[in-house]
There are 2 protein chains.
Amino acid sequence: MTGWRGDATTGDDPPEPRATERDWLAAYDPRAFTPVAVTVDVVALTLRGGDLHVLLVERAEPPYQGCWALPGGFLRAGAEGLAEAAVRELAEETGLEGSIEIDAALSRIHLEQLGSYGAPERDPRMHVVSVAYLAFAPGLPDPQAGTDAAAAAWHPVSALDLTSPQTAGASADTHGGGVGGHPGIPLAFDHARILADGLDRARAKIEYSPLATAFLHHDFTIPELRAVYEAVWGERLHAGNFHRKVLSVPGFVESTGTTTERGGSRGGPRARTYHPGDARVLHPPLLRPGREEDVR
Amino acid sequence: MTGWRGDATTGDDPPEPRATERDWLAAYDPRAFTPVAVTVDVVALTLRGGDLHVLLVERAEPPYQGCWALPGGFLRAGAEGLAEAAVRELAEETGLEGSIEIDAALSRIHLEQLGSYGAPERDPRMHVVSVAYLAFAPGLPDPQAGTDAAAAAWHPVSALDLTSPQTAGASADTHGGGVGGHPGIPLAFDHARILADGLDRARAKIEYSPLATAFLHHDFTIPELRAVYEAVWGERLHAGNFHRKVLSVPGFVESTGTTTERGGSRGGPRARTYHPGDARVLHPPLLRPGREEDVR
DNA sequence: GCAATAGTGTCTGTTAGACATTATGCC
DNA sequence: GGCATAATGTCTAACAGACACTATTGC
């Protein structure tokens, strides 16, 4: 089972300069020398009931049978790019394709590349390089029964209790040993680390980009936007200062001129509605509070 | 030549749920179904004579014969991780391995993952997914003759005249068509975009991290550190304010208690020397000037 | 009415950046 | 001496965050 490990590349190197080695290798039939698989995994985050959730699928077969894992699958070689594969896997494994309003929700999804994970031993079957993507989605329903989603569900990230952000949040190029075994739900492969990296990215990203609006539907209120920040950052924010700060950032939100139909569930005036502006970055940014202690 | 394109994955899907498809596929011999190659390319940046340089190698064979390209090569399947491969390729293709002081310089190199590029048509030979790494290196000598470096050289990035940062600086998941054909030196494959992404990352990274010190040797002066920022950002900085700002960031630099042997080449007092502190992030950050115009 | 919330006003400590100043060393 | 530079000091406008306040709605 180890015979496939790098024989063609580590065996008999030609005496030519190595700068042309890749060309030399490329002249060969790809099947003969590159036993590496490429998968695409997605960290899909959404807000459900005020809490941050991540989409997981339960593995039905070994390895890691019975473990939950990030949705993903093999790249279709020659037929799709990385981002395409991520969108396809997300739609397939959520079972959230087809209906009109769900397509509308999917079309609002923000997708960005998170990083690649390629330690040789991260998959016991073979050397698998996984390209991870991070997705922000507005509130999506549960994966529908009868499709791939039979073994898929949204999980609140607070219940997952991942390894501490200090260690798990390291850059993607230093993923050595620890496959995540944490108290709550054990994740397959190194998906605990990928998820932790995704959460770190999300928490940092909404500081400098307007992507928090990707968690909301087209029209939203400032308190709803504040709820996104509070859910992602996991801490309460000052309502008044947040409101003024958001409106002071040019291009972050744009007023629709209308208000909500009703006030809050526990009273209060009706909030004005906004939709995302045309800013791609936030100037000035919305910085997380309580970070003045030096992170070393 | 197109027969390898995704036959096994797009052909006859079994009727089982797709959630187990990857397991089903994994039971096969990897060589039989995954004609995808994984390469690792490195955007290696260094400072030479006050200007930012990038390491490029000249391709001796098609495709893109005669073009310059980022150093890189195929991942040795089963034998190394992604970061390992990046270090190996960098050492091999620079020809900068062996000597004591060069090893010391290489050991100070900062390496981080930049992103992955996997459009099906980015390599005319086959579907190649490239994992790009970004490296910050202190001043390195020219690649030595007689090694792989015969066709390798440092190029000032100012002479490359890449496509505008607005378009090229988009996230790594939106690399559709344009392989970079720009006035100066044409780069192979989509390496112009990778390089542009790397430069954007570098310019943003030194705002919030102390990695600018990775361009310098162990002991450096504040004016030398300012020269790094000026070279990477491409604009002059106010010497006095920069000095005070750097010293006000806890853990950024640490005084050595000594000064340089001589003053500047054009006079002035001898500068105090510092070495990198233990901070991993800069609080507060050193923000680029002149960015208050909203970038949309 | 009561409580909770939306939205605005005010104040204060901190900071970024422009500018000035002094000391030092090369030519 | 002339000049460029290292390093520090001073001033001001802007900003973040704490706090207070009013208006509006659900119960």
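Chain letters run A, B, ... following the sequence lines, proteins first, then strands; residues in each count from 1.
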Residue pairs, two or more places apart or on separate chains, that pass ring pair (Phe, Tyr, Trp, His ring centres under 6.0 Å) and touch residues 241-272 of chain A: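 Residue pairs with at least one partner in residues 241-272 of chain A: A:Tyr229-A:Phe242.
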Who pairs with B:Glu230 by side-chain contact (heavy atoms from CB on, under 4.5 Å), at least two apart in sequence or on another chain? B:Arg226, B:Arg236, B:Leu237
With sequence neighbours left out, what residues match A:Ser209 under side-chain contact (heavy atoms from CB on, under 4.5 Å)?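 Once residues adjacent in sequence are excluded, the partners of A:Ser209 under the side-chain contact (heavy atoms from CB on, under 4.5 Å) criterion are A:Lys205, A:Leu211.
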With sequence neighbours excluded, residues passing salt bridge (Lys or Arg N to Asp or Glu O under 4.0 Å) with A:Arg48: A:Asp142
List in chain and number order the residues that pass ring-ring contact (aromatic ring centres under 6.0 Å, His included) with A:Phe215, two or more places apart in sequence or in another chain; answer none if no residue qualifies.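 With sequence neighbours excluded, A:Phe215 shows a ring-ring contact (aromatic ring centres under 6.0 Å, His included) to A:Phe136, given in chain and number order.
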Is the phosphate of C:dA16, meaning OP1 or OP2, less than 4.0 Å from a side-chain N or O of B:Lys245?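 For C:dA16, OP1 or OP2 has a side-chain N or O of B:Lys245 closer than 4.0 Å.
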Rounded to the Å, how far apart are B:Leu237 CG and C:dA16 P?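 Taking atom P of C:dA16 as the reference, CG of B:Leu237 is at 14 Å.
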So, using side chain to side chain donor-acceptor pair (under 3.5 Å) as the criterion, who are the partners of A:Ser255 when residues are at least two apart? none
Output all residues satisfying side chain to side chain donor-acceptor pair (under 3.5 Å) with A:Thr259, sequence neighbours left out; order by chain, then residue number. none
Boundaries of the chain A footprint along DNA chain D (any atom under 4.0 Å from a heavy atom): D:dA16 to D:dC27
Relative to each other, are the rings of A:Tyr208 and B:Tyr208 parallel, tilted or perpendicular (30° and 60° limits)?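 Answer is tilted, since the angle falls between 30° and 60°.
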What does A:Ser248 touch in the nucleic acid at a heavy-atom separation under 4.0 angstrom: a base, only the sugar-phosphate, or nothing?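 Nothing: the residue A:Ser248, judged by heavy atoms under 4.0 Å, touches no strand.
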Quick check: on DNA chain C, is the nucleotide nearest B:Pro284 upstream (toward 5') of the one nearest B:Glu261, or the reverse? Name the residue that is more 5'.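 Whichever sits nearer the 5' end wins; that is B:Pro284.
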What one-letter contact string describes nucleotides 4-10 of chain C from 5' to 3', where B marks a base within less than 4.0 Å of any protein heavy atom, S marks contact via sugar-phosphate atoms alone, and - marks no contact? BBSSBBB
